Novice: 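This is the structure I have questions about; it appears just below.
Positions are given from 1, in the same order as the sequence printed here. Counting starts at 1 for both ligands and their atoms, following the listed order. Please read all numbers here as calculations on a predicted model, not as lab measurements.
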Amino acid sequence: MRLKEEMSCRNEDEREEFSEQKLNHHHQPLFFTTPTLEPGFPLQGKPVVVGYALTSKKTKSFLQPKLKDQARIKGIFFVAIDQSKPLSDQGPFDVVMHKLLGKEWRQIIEDYRQTHPEVTVLDPPDAIQHLRNRQFMLQAVADLNLSDSYGKVGVPRQLVIKKDASSIPDAVAKSGLILPLVAKPLIADGSAKSHELSLAFDQNSLQKLEPPLVLQEFVNHGGVLFKVYIVGETIKVVRRFSLPDDVCKRELSKNAGVYHVPRVSCAAASADDANLDPHVAELPPRPLLEKLAKELRHRLGLRLFNLDIIREHGCGDRFYVIDINYFPGYGKMPGYEHIFTDFLLNLVQGKYKKRSC
Ligand SMILES: Nc1ncnc2c1ncn2[C@@H]1O[C@H](COP(=O)(O)OP(=O)(O)OP(=O)(O)O)[C@@H](O)[C@H]1O
Ligand SMILES: O=P(O)(O)O[C@H]1[C@H](OP(=O)(O)O)[C@@H](OP(=O)(O)O)[C@@H](O)[C@@H](O)[C@@H]1OP(=O)(O)O
Ligand SMILES: [Mg+2]
Ligand SMILES: [Mg+2]
């Protein structure tokens, strides 16, 4: 019971108390072997210790009380990683979750992976880094070229402009891309700027854009987007509002040129209850998404990400992946507290089984 109380404390306290207990898997503290253990403790009475290194915004949106409650029931203990101390001096951890920026952090986590092969690090820094450049982000989807009886999945045609805005009209003409185009900052590092997108409607306005960027063909999709959340082998799909098909007409009637795209699809309000055309609202076929997610998990080498998918014209079986995000806003995913805690348990139980084999 003492452990139960301790596990519900806040982050800072958690870290201190936890290190005071000198919790160590090899030298099990007494209180884990008492017969009053929660049934949720899966590994012969040992808790699963998950270290996390997340921004304060992410910590707040992810570590909600409902997740902590489920974790407590299942014997999972979340511990904040202290970035001012060496990572190897902390823990010991069963799992490390992280989403932080910077070369220095990448090196720390890569070194830790090498020196602590017994710890599951979610996910490898190089694989995460790959998604931070929109030139490469969708490459795995394009390479996969998924097409089966349930539908086809592709990516919009796109062009990379590294510098010199005045060269854009020519580059676009040569590439054969069809306007309107969505201009996205090349680097998707999570900064506010990296989410500032714009739509360019005519050749002239193209030179007003600010490289480095990716220019992507705008695909009409009925104003609805599907967010496909992936947590290991589990996938969960939600509908979100997106840009309407007539966005070009609407904006052109006001002013020709560049239109700044609002972050409509990031709003937590889901389009699930909206009065939508049933064709537009229909979720992409489950088997198609299962196949896509499985392939991408392997090709990207990641276990925690989401895909933004749209359906061409809002009907039919032609889908486009337009964005992939590492460790997205799982707090907005219905039932994430169950999915995530089960995922963590399976990870660690799988590892123990492997070892005992
Ligand atoms: N090629 C496209 N065709 C049509 N609409 C698009 C296209 N690309 C983006 N959009 C619209 O713009 C929105 C933002 O684009 P995108 O998801 O690429 O940006 P982001 O800043 O990476 O978003 P997130 O907040 O999900 O990380 C999408 O949710 C969708 O509504
Ligand atoms: O905070 P939120 O819940 O909105 O999560 C968003 C997340 O922000 P955070 O990582 O800073 O939390 C974003 O990450 P960055 O690109 O900015 O790194 C990106 O993944 C969005 O797609 C997420 O929204 P979702 O796609 O899940 O709707
Ligand atoms: Mg997106
Ligand atoms: Mg994104």
Side-chain angles (χ1 to χ4, degrees), residues 55 57-58 61 99 101 128-142 153-160 172 175 177-201 209-210 212-230 237-251 258-271 274 276 280 284 296 300 302 304-314 318-333:
T55 59
K57 176 177 168 267
K58 194 59 149 185
S61 73
K99 183 174 177 180
L101 286 179
I128 299 173
Q129 192 63 12
H130 184 78
L131 291 187
R132 293 204 170 124
N133 187 321
R134 295 190 202 262
Q135 180 176 4
F136 311 116
M137 175 196 276
L138 305 178
Q139 193 57 48
V141 184
V153 183
V155 300
R157 292 200 301 159
Q158 68 176 38
L159 174 68
V160 179
V172 168
S175 70
L177 289 192
I178 296 168
L179 277 78
L181 299 176
V182 190
K184 307 186 181 187
L186 183 62
I187 303 304
D189 60 4
S191 60
K193 199 135 185 69
S194 73
H195 292 296
E196 277 174 16
L197 274 56
S198 33
L199 273 166
F201 301 112
L209 298 170
E210 287 172 35
L213 41 81
V214 157
L215 295 175
Q216 214 172 69
E217 283 187 336
F218 181 86
V219 178
N220 278 326
H221 55 281
V224 168
L225 170 136
F226 305 99
K227 286 237 171 225
V228 182
Y229 290 95
I230 294 161
V237 192
V238 299
R239 282 182 207 94
R240 292 275 178 84
F241 290 111
S242 181
L243 298 176
D245 289 350
D246 63 356
V247 69
C248 327
K249 278 189 225 142
R250 282 192 212 176
E251 292 309 314
V258 175
Y259 162 71
H260 291 281
V261 177
R263 290 193 78 188
V264 263
S265 53
C266 205
S270 93
L276 295 168
V280 171
L296 290 183
L300 296 171
L302 295 171
L304 303 177
F305 58 102
N306 76 359
L307 312 169
D308 287 351
I309 299 189
I310 53 179
R311 176 190 272 118
E312 193 168 30
H313 305 305
R318 185 84 177 90
F319 297 93
Y320 291 86
V321 176
I322 54 169
D323 185 26
I324 307 180
N325 301 295
Y326 183 66
F327 206 136
Y330 285 117
K332 287 183 273 179
M333 174 177 116

Novice: Only N/O/S atoms count here: what is the atom of Asp323 closest to the Mg ion (ligand 4) called?
Specialist: OD2
Novice: Apply side chain to side chain contact (heavy atoms under 4.5 Å, CB included) to residues Met137 and Gln158 and explain how you reach the verdict.
Specialist: CA-CA 12 Å; Met137 175 196 276; Gln158 68 176 38; over 6 Å; no
Novice: Number the atoms of ligand 1 from 1 as they appear, then name those within less than 4.0 Å of a heavy atom of Asp308, with their elements.
Specialist: 17 (O), 26 (O)
Novice: Report yes or no: does a heavy atom of Glu196 sit under 4.0 Å from some atom of ligand 1?
Specialist: no
Novice: Please confirm whether Arg240 comes under 4.0 Å of ligand 1, counting heavy atoms of the residue only.
Specialist: no
Novice: Taking non-hydrogen atoms only, is Arg134 closer than 4.0 angstrom to ligand 1 via side chain, backbone, both or neither?
Specialist: side chain
Novice: Identify, by atom number and element, the atoms of ligand 1 in contact range of Ser242, meaning under 4.0 Å from any of its heavy atoms.
Specialist: 30 (C), 31 (O)
Novice: Starting at CZ of Arg311, measure out to OG of Ser242 and round the result to the nearest 0.5 Å.
Specialist: 13.0 Å
Novice: Do you know which two heavy atoms are closest between Pro156 and Tyr320, and how far apart they sit?
Specialist: N-CD2, 3.6 Å
Novice: Begin with the C-alpha distance, continue with both residues' side-chain angles, and end with the deciding distance and a verdict on side chain to side chain contact (heavy atoms under 4.5 Å, CB included) for Leu300 and His130.
Specialist: CA-CA 8 Å; Leu300 296 171; His130 184 78; 4.3 Å; yes
Novice: Taking the side chain as everything from C-beta on, heavy atoms only, tell me whether Ile322 gets closer than 4.5 Å to Leu225.
Specialist: yes
Novice: Are the side chain of Arg134 and the backbone of Pro185 linked by a donor-acceptor contact shorter than 3.5 Å?
Specialist: yes
Novice: Could you check if a side-chain atom of Asn325 sits within less than 4.5 angstrom of a side-chain atom of Lys227, using non-hydrogen atoms only?
Specialist: yes
Novice: Please identify which atoms of ligand 1 are closer than 4.0 Å to at least one heavy atom of Lys227.
Specialist: 26 (O)
Novice: Test Phe201 against Leu179 for side chain to side chain contact (heavy atoms under 4.5 Å, CB included), laying out the working first.
Specialist: CA-CA 6 Å; Phe201 301 112; Leu179 277 78; 5.7 Å; no
Novice: Check ligand 1 against Pro156 and write out every atom of the ligand that is under 4.0 Å from a heavy-atom position of the residue.
Specialist: 1 (N)
Novice: Using side chain to side chain contact (heavy atoms under 4.5 Å, CB included), reason through Val261 and Lys184 one step at a time and then give a plain yes or no.
Specialist: CA-CA 10 Å; Val261 177; Lys184 307 186 181 187; over 6 Å; no
Novice: So if I count the atoms of ligand 1 from 1 in the order they appear, which ones are less than 4.0 Å from some heavy atom of His221?
Specialist: 4 (C), 5 (N)
Novice: With heavy-atom distances below 4.0 Å as the criterion, list the atoms of ligand 1 near Leu225.
Specialist: 28 (C), 29 (O), 30 (C)
Novice: Taking only heavy atoms of Arg263, which atoms of ligand 1 are found under 4.0 Å from at least one of them?
Specialist: 24 (P), 25 (O)
Novice: For Glu196, look at atom CD and say whether over 12 heavy atoms of other residues, nucleotides or ligands are found less than 6.0 Å away.
Specialist: yes
Novice: Let me check your reading of the structure: within less than 2.8 Å of the Mg ion (ligand 4), is there an N/O/S atom from Asp308?
Specialist: no
Novice: With respect to the Mg ion (ligand 4), please indicate if Ser194 possesses an N, O or S atom at a distance under 2.8 Å.
Specialist: no
Novice: Which is it for Ile322 and ligand 1 at heavy atoms under 4.0 Å: side chain, backbone, both or neither?
Specialist: both
Novice: For atom 21 (O) of ligand 1, which candidate among Arg157, His195, Met137 holds the nearest heavy atom?
Specialist: His195
Novice: Looking only at heavy atoms of Ala188, does any of them come nearer than 4.0 Å to an atom of ligand 1?
Specialist: no
